[in-house]
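Reviewing the structure listed below.
Keep in mind it's a predicted model, so treat the numbers as computed, not measured. Order of appearance sets the numbers: ligands from 1, and atoms from 1 within every ligand. What you see below is based on every heavy atom in this structure, not just the backbone, and it leaves out hydrogens, waters and symmetry mates. Sequential numbering from 1 along the given sequence is applied to the chain's residues.
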Amino acid sequence: MITQEELATTKISMRYDLSPIRNIIGDLSGLLGNFSDELIGAFYPKTVSKKANIVITELVNNAVVNSPEGDGKITLEIMINKDLLKISVTNEAKRSQYRKVKDHIEMINSAGDLRKLLADTIRERRKDRLRGGLGLIRLAAENKFTLAARYRAPYLIVDSQIGLGGLS
Ligand SMILES: Nc1ncnc2c1ncn2[C@@H]1O[C@H](COP(=O)(O)OP(=O)(O)O)[C@@H](O)[C@H]1O
Ligand SMILES: [Mg+2]
């Protein structure tokens, strides 16, 4: 009999390329999140697959809503092994968009207290009646993911990862 512990050492990697972006009309981020959740959940505990779902849904949604309409593509890459869950999402973006995301992620990574950053951001945005701007902070604050952004013109790549040492 194979044990749960052994199952949770399975190496899995997945990659999805979707184009053209103008054909993406359904809930692609939810679909990819749920699908990956099921596959990862067949080997790893629900606590792990649920986290993958949340991050995939958020990052793919960011890629879809911030991509220029047209022929461009979106790429989702997922890798999991006993030590690490890694999720990367690539979309077309202007250099100025990359800078915005990079600055935002740097701000998150340099925050000493992520829960306070989340609470302060919610308060500030409510005051100014602003929407959004919480997704990436949430991934770091509530789901303990490390974030990074890279630019390979014309593509922005957002990388996120979490160690599974204490999780599974
Ligand atoms: N994949 C991406 N491509 C281009 N811009 C992005 C991407 N992801 C995030 N951004 C920019 O960074 C901002 C912050 O993202 P996020 O924390 O997810 O907040 P929200 O999506 O709720 O606005 C977004 O409003 C958007 O301007
Ligand atoms: Mg978002």
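Distance alone, capped at 3.5 Å, places no donor-acceptor pair between the Glu124 side chain and the Thr121 backbone. Tyr44 contributes a side-chain N or O that, together with a main-chain N or O of Thr10, makes up a donor-acceptor pair within less than 3.5 Å.
Ion pairing of Lys50 with Asp37 is absent here, as no side-chain N (NZ or NE/NH1/NH2) approaches a carboxylate O to less than 4.0 Å. The existence of a salt bridge linking Arg15 and Asp17 is confirmed by a sub-4.0 Å separation between a basic side-chain nitrogen and an acidic carboxylate oxygen.
Leu84 and Val89 fall into different hydrophobic clusters, where Ile, Leu, Val, Met, Phe, Trp and Tyr side chains are chained together by heavy-atom contacts under 4.5 Å.
For the Mg ion (ligand 2), the tally of protein N/O/S atoms lying closer than 2.8 Å stands at 2.
Taking the salt bridge (charged side-chain N to carboxylate O under 4.0 Å, His left out) definition, one finds that Lys100 meets it with nothing, sequence neighbours left out. For the salt bridge (charged side-chain N to carboxylate O under 4.0 Å, His left out) test, residues two or more places apart in sequence or in another chain that qualify with Glu142 are Arg138.
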Run through all N or O atoms in ligand 1 and write down each protein N or O closer than 3.5 Å, as a pair with its distance.
from: ligand 1; atom 1: 1 (N); to: Asn91; atom 2: OD1; distance (Å): 2.8
from: ligand 1; atom 1: 3 (N); to: Asn91; atom 2: ND2; distance (Å): 3.2
from: ligand 1; atom 1: 8 (N); to: Asn62; atom 2: ND2; distance (Å): 3.4
from: ligand 1; atom 1: 17 (O); to: Gly135; atom 2: N; distance (Å): 3.4
from: ligand 1; atom 1: 17 (O); to: Leu136; atom 2: N; distance (Å): 2.9
from: ligand 1; atom 1: 18 (O); to: Glu58; atom 2: OE2; distance (Å): 2.8
from: ligand 1; atom 1: 18 (O); to: Asn62; atom 2: OD1; distance (Å): 3.1
from: ligand 1; atom 1: 18 (O); to: Asn62; atom 2: ND2; distance (Å): 2.8
from: ligand 1; atom 1: 19 (O); to: Gly133; atom 2: N; distance (Å): 3.1
from: ligand 1; atom 1: 21 (O); to: Asn62; atom 2: OD1; distance (Å): 3.1
from: ligand 1; atom 1: 22 (O); to: Gly133; atom 2: N; distance (Å): 2.9
from: ligand 1; atom 1: 23 (O); to: Gly133; atom 2: N; distance (Å): 2.8
from: ligand 1; atom 1: 27 (O); to: Lys100; atom 2: NZ; distance (Å): 2.9

Under the criterion side-chain hydrogen bond (donor to acceptor under 3.5 Å, both in side chains), I'd like the reasoning laid out for Ser49 against Asn53: C-alpha separation, chi angles, the key distance, then a yes or no.
CA-CA 6 Å; Ser49 64; Asn53 190 341; over 6 Å; no
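Ring pair Tyr151/Tyr98 is parallel by interplanar angle, where below 30° counts as parallel and above 60° as perpendicular.
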